[in-house]
Amino acid sequence: MEVEIISNEKIKPSSPTDHHLKIFKLSSLDRYRPSEYIPIILFYNPNPTGINDSISDHLKKSLSNTLTRFYPIAGRIKDNNTWVDCTDEGVEYVETRIEGKISDFTWTSELLHQLVPVHTNLATEVPAVIQVNFFDCGGVAITVCISHKIGDTSTYATFINSWAATARGAPAASTNFDSQSLFPIPVPDTSDTDNDRRGSHSSDDEENEDLVTKRLVFDGEKVSALQERIGDTLTTLKYPTRVEAASALIWKSAMEAGFATSPPAVKDQTPERVSEMYIVVNIRKKMDPPLSDSSFGNIFSMATAKATITSGGVDLDDLVGQIRVAISGVDGNHIKRMQNDEDSEEDDEEYDHEDEYNDYWLMSWCNFPLYEIDFGFGKPDWVTTDAVEVLDENDIYLMDARTGKGVEAWIKLTPEKMDML
């Protein structure tokens, strides 16, 4: 597949940012996030009415208007990643032309990687980079890369939906920027702002070259059957959600594969081993009072589920129970400790687990309104990410399937563990 760059420019806000908004302080939660882009790729098949030649100008104009409301995204990250200088320099905006039909596109992680505008990390300074890919058949793939330093998945979804609403001429959702006041950075700030605690981790690039990335697709009917199967053995009346069911199944399969393929030195340690799963938890609705879904920033915490595995394996209902217990621990008291910045040392100890070979990181994009993003030529036929760039070893990303109540999962493992999975 040949990707030809046809334009490369900066899109600036349509109106200048007010002087009193020029300095946007990041929160204590933002400072722990890595300076890396998390791409969201939206695929749109050719619309029966056609996509006219003005689509490019239309997207640019509506983006410019949207950046006026989301002014930090058009700024530049400064001062060791503690604030954004809202200079209205704009977002990097790339357009490409791709030979071939979007329906012929092979959905592999290697090809998806070519639809992403940056393969070098500019996220330490530039909050957002966008690439619009035009296929010969009339299909479009829009890739939005926003730095994790300034926002999470909820932030990305709010921004892109607002851009799409503006493009349609519909009322755009408002946002608020109260994260810094709720989670202020201590003064003086003596923390190491370059670390990746609280839900982020990184691995060496050379080590990543030997890893395998796969997409697993769970049909809606199969997910429902799995929910019923687990629900019948649970001691509570509450059936597992589709995310709980899919998470438990993948965790079970991965940890059992890890148990079977772990290095001899690890295997000989003990006949029973503990696997941990670190789960990203959106805390907007757990706040008192609850925050809006459109609240800007990284407003999440981590939950740690633990399971003991032996050569006999582990039960799915036990894993669902462990996941629920872990998430329920992210409560009001936990959030108060976060607001007082009292849990960072505790987090360091929590993530320091000796069996990293069989520990996993779970991020879920399910139930975010990504499939509602309509720029005026229909809703996306598929939403995904650049798994090559985003995932590290033992990462699991869950997303809504294109149709029904299914679940798609991207997972990255060693070749031996992936074969066993």
J.: Might you work through the side-chain contact (heavy atoms from CB on, under 4.5 Å) test for Val91 and Val129, ending with a clear yes or no?
T.: CA-CA 6 Å; Val91 302; Val129 183; over 6 Å; no
J.: Ring centroid separation for Phe24 and Phe177, is it under 6.0 angstrom?
T.: yes
J.: Nearest 0.5 Å please: distance from the CD1 atom of Ile102 over to the CG atom of Asn133.
T.: 9.0 Å
J.: Which heavy atom in Thr166 sits nearest to a heavy atom in Ser62, and how many Å separate them?
T.: CG2-O, 3.8 Å
J.: Answer yes or no: is there a donor N or O on one side and an acceptor on the other, between the side chain of Tyr371 and the main chain of Val383, under 3.5 Å?
T.: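 Side chain of Tyr371 to backbone of Val383: a pair is present.
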J.: Atom CZ of Phe300 and atom CE of Met338: how far apart are they, to the nearest 0.5 Å?
T.: 8.5 Å
J.: Quick check: does any side chain N or O of Thr155 sit under 3.5 Å from a backbone N or O of Phe296, one acting as donor and the other as acceptor?
T.: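 Judged by distance alone, no pair lies under 3.5 Å.
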J.: Does Tyr360 use its side chain to pair, donor to acceptor, with the backbone of Ala254 at less than 3.5 Å?
T.: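 Flag set: sc Tyr360 to bb Ala254 pair under 3.5 Å.
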J.: Answer yes or no: does atom CD1 of Ile5 have more than 12 heavy-atom neighbours from other residues, nucleotides or ligands under 6.0 Å?
T.: no
J.: With rounding to the nearest 0.5 Å, note down the distance linking OG1 in Thr384 to CG in Leu112.
T.: 5.5 Å
J.: Side chains of Asp318 and Leu316: closer than 4.5 Å at any heavy-atom pair?
T.: no
J.: What verdict does the side-chain hydrogen bond (donor to acceptor under 3.5 Å, both in side chains) test give for Asp178 and Ser181, after you've listed the backbone C-alpha separation in whole Å, the side-chain angles of each residue and the deciding distance to 0.1 Å?
T.: CA-CA 5 Å; Asp178 49 9; Ser181 63; 5.8 Å; no
J.: Between the main-chain N or O of His148 and the side-chain N or O of Asn298, is there a donor-acceptor pair closer than 3.5 Å?
T.: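 Yes, because the side chain of Asn298 sits within donor-acceptor range (under 3.5 Å) of the backbone of His148.
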J.: Is there side-chain contact between Glu389 and Val116, with heavy atoms separated by less than 4.5 Å?
T.: no
J.: Would you give the length of the straight line joining atom CD of Glu416 to atom CG of Leu421, rounded to the nearest 0.5 angstrom?
T.: 13.0 Å
J.: Between CD1 of Ile23 and SG of Cys86, what distance do you get to the nearest 0.5 Å?
T.: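 Taking CD1 in Ile23 and SG in Cys86, the distance rounds to 9.0 Å.
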J.: Could you walk me through whether Tyr37 and Asp386 satisfy the side-chain hydrogen bond (donor to acceptor under 3.5 Å, both in side chains) test, starting with their C-alpha distance in whole Å, then the side-chain angles of each, then the deciding distance to 0.1 Å, before giving a yes or no?
T.: CA-CA 10 Å; Tyr37 292 117; Asp386 175 15; over 6 Å; no
J.: Tell me, with the steps shown, if Gln180 and Trp83 meet side-chain hydrogen bond (donor to acceptor under 3.5 Å, both in side chains).
T.: CA-CA 10 Å; Gln180 196 279 333; Trp83 61 285; over 6 Å; no
J.: More than 12 foreign heavy atoms under 6.0 Å from NZ of Lys286: is that the case here?
T.: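 For Lys286, atom NZ is crowded (more than 12 foreign heavy atoms under 6.0 Å).
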J.: Any ion pair linking Arg76 and Asp88 (charged N to carboxylate O, less than 4.0 Å)?
T.: no
J.: Give the minimum heavy-atom separation between Gln131 and Leu115, together with the two atoms involved.
T.: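 Looking at all heavy atoms of both residues, the shortest contact is NE2-O, 3.4 Å.
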J.: Verify salt bridge (charged side-chain N to carboxylate O under 4.0 Å, His left out) between Lys12 and Glu89, making sure each step is shown before the conclusion.
T.: CA-CA 6 Å; Lys12 300 183 178 183; Glu89 290 186 52; over 6 Å; no
J.: To the nearest 0.5 Å, how far apart are OG1 in Thr143 and CD1 in Ile130?
T.: 10.0 Å
J.: Are the charged groups of Glu92 and Lys10 less than 4.0 angstrom apart, N to O?
T.: yes
J.: So that I know where these two stand, are Tyr397 and Trp410 an aromatic pair - ring centroids less than 6.0 Å apart?
T.: no
J.: Regarding Lys252 and Asp317, does a basic nitrogen lie under 4.0 Å from an acidic carboxylate oxygen?
T.: no
J.: Tell me if a side-chain donor or acceptor on Ser247 pairs with a main-chain N or O of Val243 at a distance below 3.5 Å.
T.: yes
J.: Do any N or O atoms from the side chain of Lys417 and from the backbone of Thr261 form a donor-acceptor pair under 3.5 angstrom?
T.: no
J.: State, to 0.1 Å, how close Thr17 and Lys22 come at their nearest heavy-atom pair, and which atoms those are.
T.: O-CE, 3.4 Å
J.: Is the side chain of Lys412 donor-acceptor paired with the backbone N or O of Val388 at a distance under 3.5 Å, no angle test?
T.: yes
J.: Got Val140 and Val132 here, is their nearest side-chain heavy-atom distance under 4.5 Å?
T.: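 They are in side-chain contact.
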J.: Where do Ala326 and Thr304 come nearest, in terms of heavy atoms and distance?
T.: CB-O, 3.4 Å
J.: Specify the closest pair of heavy atoms between Pro39 and Thr385, including all atoms of both residues, with the distance to one decimal.
T.: O-OG1, 2.7 Å
J.: Could you walk me through whether Thr96 and Glu4 pass side-chain hydrogen bond (donor to acceptor under 3.5 Å, both in side chains), step by step?
T.: CA-CA 5 Å; Thr96 73; Glu4 176 191 359; over 6 Å; no
J.: Evaluate whether atom NZ of Lys60 has more than 12 neighbouring non-hydrogen atoms of other residues, nucleotides or ligands under 6.0 angstrom away.
T.: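 For Lys60, atom NZ is crowded (more than 12 foreign heavy atoms under 6.0 Å).
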J.: Checking the side chain of Asp381 only, and the main-chain atoms of Tyr44 only, is there a donor and an acceptor separated by less than 3.5 Å?
T.: no
J.: Going by the angle between their ring planes, with limits at 30° and 60°, are Trp163 and Tyr93 parallel, tilted or perpendicular?
T.: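 Rings of Trp163 and Tyr93: perpendicular, over 60°.
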J.: Ignoring hydrogens and angles, tell me if any N or O in the side chain of Asn358 forms a donor-acceptor pair with the backbone of Ser275 under 3.5 Å.
T.: no
J.: What I'd like to find out is whether the side chain of Ile55 reaches to under 4.5 Å of the side chain of Phe134, using heavy atoms alone.
T.: yes
J.: Could you give all pairs that pass the side-chain hydrogen bond (donor to acceptor under 3.5 Å, both in side chains) test and reach residues 217-231, with sequence neighbours left out?
T.: none
J.: With no hydrogens and no angle check, is any side-chain donor or acceptor of Asp400 less than 3.5 Å from a backbone partner on Asn367?
T.: yes
